[in-house]
Chemist: 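Before anything else, here's the structure in question.
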2 protein chains.
Amino acid sequence: MSKSVCEQLKLENQLCFPLYAASRLTTKIYAPYLKKLDITYPQYLVMLVLWQYNEMSVKDIGNQLFLESNTLTPLLKRLERKKLIIRSRSIDDERTVIINLTKSGLKLESQAQTIPQQIENSFTVDGFEKEELIVFRDNLVKLLNILNKQKK
Amino acid sequence: MSKSVCEQLKLENQLCFPLYAASRLTTKIYAPYLKKLDITYPQYLVMLVLWQYNEMSVKDIGNQLFLESNTLTPLLKRLERKKLIIRSRSIDDERTVIINLTKSGLKLESQAQTIPQQIENSFTVDGFEKEELIVFRDNLVKLLNILNKQKK
DNA sequence: GAAGATTAAATCGTGTACGATGCAAATATA
DNA sequence: TATATTTGCATCGTACACGATTTAATCTTC
């Protein structure tokens, strides 16, 4: 990349902008599906983690999603208000808050089952081949790992 | 992709999550550089647009960044408070608000010149080849175009 | 086993995002 | 040309993100 400094400052030549915009627009693609479940996109991500691992501390969820308690605590309180989860202090370590799914939280998983396929379809219909999509996702994960390493 | 429905609900198998997380972590990579300029990441994106096009309406900026006035108006007011831009109503069309750079807004560009290269370096040092990075970016832009088409 | 360091959540303040709505200016149409 | 529609921006309410700080519990170290 031997672009001039001026060229580099252009929006389309940066990695950051398409990443930022694609992330936001993707969230919007989920919106109509998630509206039916009455949850937001970040709340959906938390539910994905809980469906997979069942019981987790706030810290654990944060490690999965790269989020801290300052974001998670209010979000989890909203999920609790929706009766999807239960927040309780660990007996072993009073500092730790344990998140458990309620029955309706657990039941919501079946309603969410169809979402990933529908989203994937909306990407593949015009544009991406499925194989291409996999390579792309692997690249994203690779970037994510690099970014995560830098953090430390 | 013949993953079971259950598998598809796992975090690492979705496209959306690495996109969301990578976008957020990338923003954090920018933070120390932007702190020196005393602007946030979305403010930086607006400045990129203005450095490239000089004079733009709120609508124009929104078209470039996929943002609406409900996000841009308060953000632009903050940039105005920092004396980086001037907001004024168009004479031709009183509905339109024209954004112009101030002298210090224009001057800030030279301070931002080094940022893209530094960011690119932090991606390439361990992990990504430059060519790989270009393919990846092109994929992101492709996704962005698909997403943008779906919106309409 | 008390003092100090570390850790897990929570709280606070600021700044996005975004759906929904309001409002005034401009445009289209009867 | 009066009226309806559209357009560009602003406002409002809700929900993230996140740096910085606080609080309480646990762990270290002597």
Side-chain angles (χ1 to χ4, degrees), chain A residues 16-17 20-32 34-35 38-47 56-63 65-82 85 87-99 147 151, chain B residues 16-17 20-32 34-35 37-47 56-63 65-82 84-85 87-99 147 151:
Chain A
C16 64
F17 170 66
Y20 158 85
S23 171
R24 283 174 33 233
L25 294 190
T26 302
T27 304
K28 282 195 192 178
I29 297 284
Y30 277 81
L34 297 179
K35 191 165 189 172
D38 187 33
I39 53 175
T40 67
Y41 181 72
Q43 288 168 13
Y44 171 67
L45 292 179
V46 168
M47 294 304 286
M56 287 202 114
S57 70
V58 176
K59 187 80 180 171
D60 293 336
I61 298 173
N63 284 337
L65 301 181
F66 306 98
L67 288 169
E68 313 263 320
S69 68
N70 51 4
T71 300
L72 284 174
T73 297
L75 190 157
L76 290 167
K77 284 183 177 172
R78 279 174 219 119
L79 286 178
E80 191 180 38
R81 216 167 48 206
K82 289 180 206 280
I85 64 164
R87 296 162 65 247
S88 57
R89 292 272 165 187
S90 161
I91 303 165
D92 300 339
D93 185 340
E94 282 281 338
R95 292 171 304 178
T96 302
V97 167
I98 303 292
I99 309 298
L147 288 166
K151 219 173 43 177
Chain B
C16 64
F17 171 67
Y20 158 85
S23 170
R24 283 174 33 234
L25 294 190
T26 302
T27 303
K28 282 195 191 178
I29 298 283
Y30 277 80
L34 296 179
K35 191 165 190 174
L37 311 196
D38 186 34
I39 53 174
T40 66
Y41 181 73
Q43 288 168 13
Y44 170 66
L45 292 179
V46 169
M47 293 305 285
M56 287 202 113
S57 70
V58 175
K59 186 81 182 174
D60 293 336
I61 297 173
N63 283 338
L65 302 180
F66 306 98
L67 287 169
E68 313 261 320
S69 68
N70 52 4
T71 300
L72 284 174
T73 297
L75 190 157
L76 290 168
K77 283 183 178 174
R78 281 175 216 118
L79 286 178
E80 191 180 38
R81 218 167 47 207
K82 291 181 206 278
L84 295 176
I85 64 163
R87 296 163 65 247
S88 57
R89 291 273 165 185
S90 162
I91 304 166
D92 299 341
D93 185 340
E94 282 282 336
R95 292 171 305 178
T96 302
V97 168
I98 301 291
I99 309 298
L147 288 166
K151 220 174 41 179

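Numbers restart at 1 for each chain; the letters A, B, ... are given by sequence-line order, proteins then strands.
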Chemist: Is there a side-chain contact between Val46(B) and Leu67(B), using heavy atoms and a 4.5 Å cut-off?
Modeler: no
Chemist: Measuring only between side-chain heavy atoms, which start at C-beta, is Thr73(B) closer than 4.5 Å to Val97(B)?
Modeler: no
Chemist: When you match Ser90(B) and Val97(A) each to their closest nucleotide on DNA chain C, which lands nearer the 5' end?
Modeler: Val97(A)
Chemist: Could you tell me whether the side chain of Thr27(B) reaches within less than 4.5 Å of the side chain of Thr40(B), counting heavy atoms only?
Modeler: no
Chemist: Taking protein heavy atoms under 4.0 Å as touching, what does nucleotides 13-25 of chain D look like 5' to 3' if B marks base contact, S marks sugar-phosphate-only contact and - marks none?
Modeler: --SSBBBB----B
Chemist: With a 4.5 Å limit on heavy-atom distance, are the side chains of Leu147(A) and Arg24(B) in contact?
Modeler: no
Chemist: Using a cut-off of strictly less than 4.0 Å, decide whether Lys59(B) has a side-chain nitrogen or oxygen near OP1 or OP2 of dT6(D).
Modeler: no
Chemist: How would you give the extent of chain A contacts on DNA chain C, as first and last nucleotide 5' to 3' within a 4.0 Å heavy-atom cut-off?
Modeler: dT7(C) to dA20(C)
Chemist: Are any of the side-chain heavy atoms of Ile99(B) and Asp60(B) separated by less than 4.5 Å?
Modeler: no
Chemist: Tell me which one of Tyr30(B), Phe66(B), Tyr41(B), Tyr44(B) satisfies ring-ring contact (aromatic ring centres under 6.0 Å, His included) with Tyr20(A).
Modeler: Tyr41(B)
Chemist: Would you say the side-chain atoms of Ser90(A) and Asp93(A) include a donor-acceptor pair closer than 3.5 Å?
Modeler: no
Chemist: Provide, to the nearest angstrom, the distance between the CZ atom belonging to Arg89(B) and the P atom belonging to dC9(D).
Modeler: 7 Å
Chemist: So do Thr96(A) and Arg89(A) actually touch side chain to side chain, heavy atoms under 4.5 Å?
Modeler: no
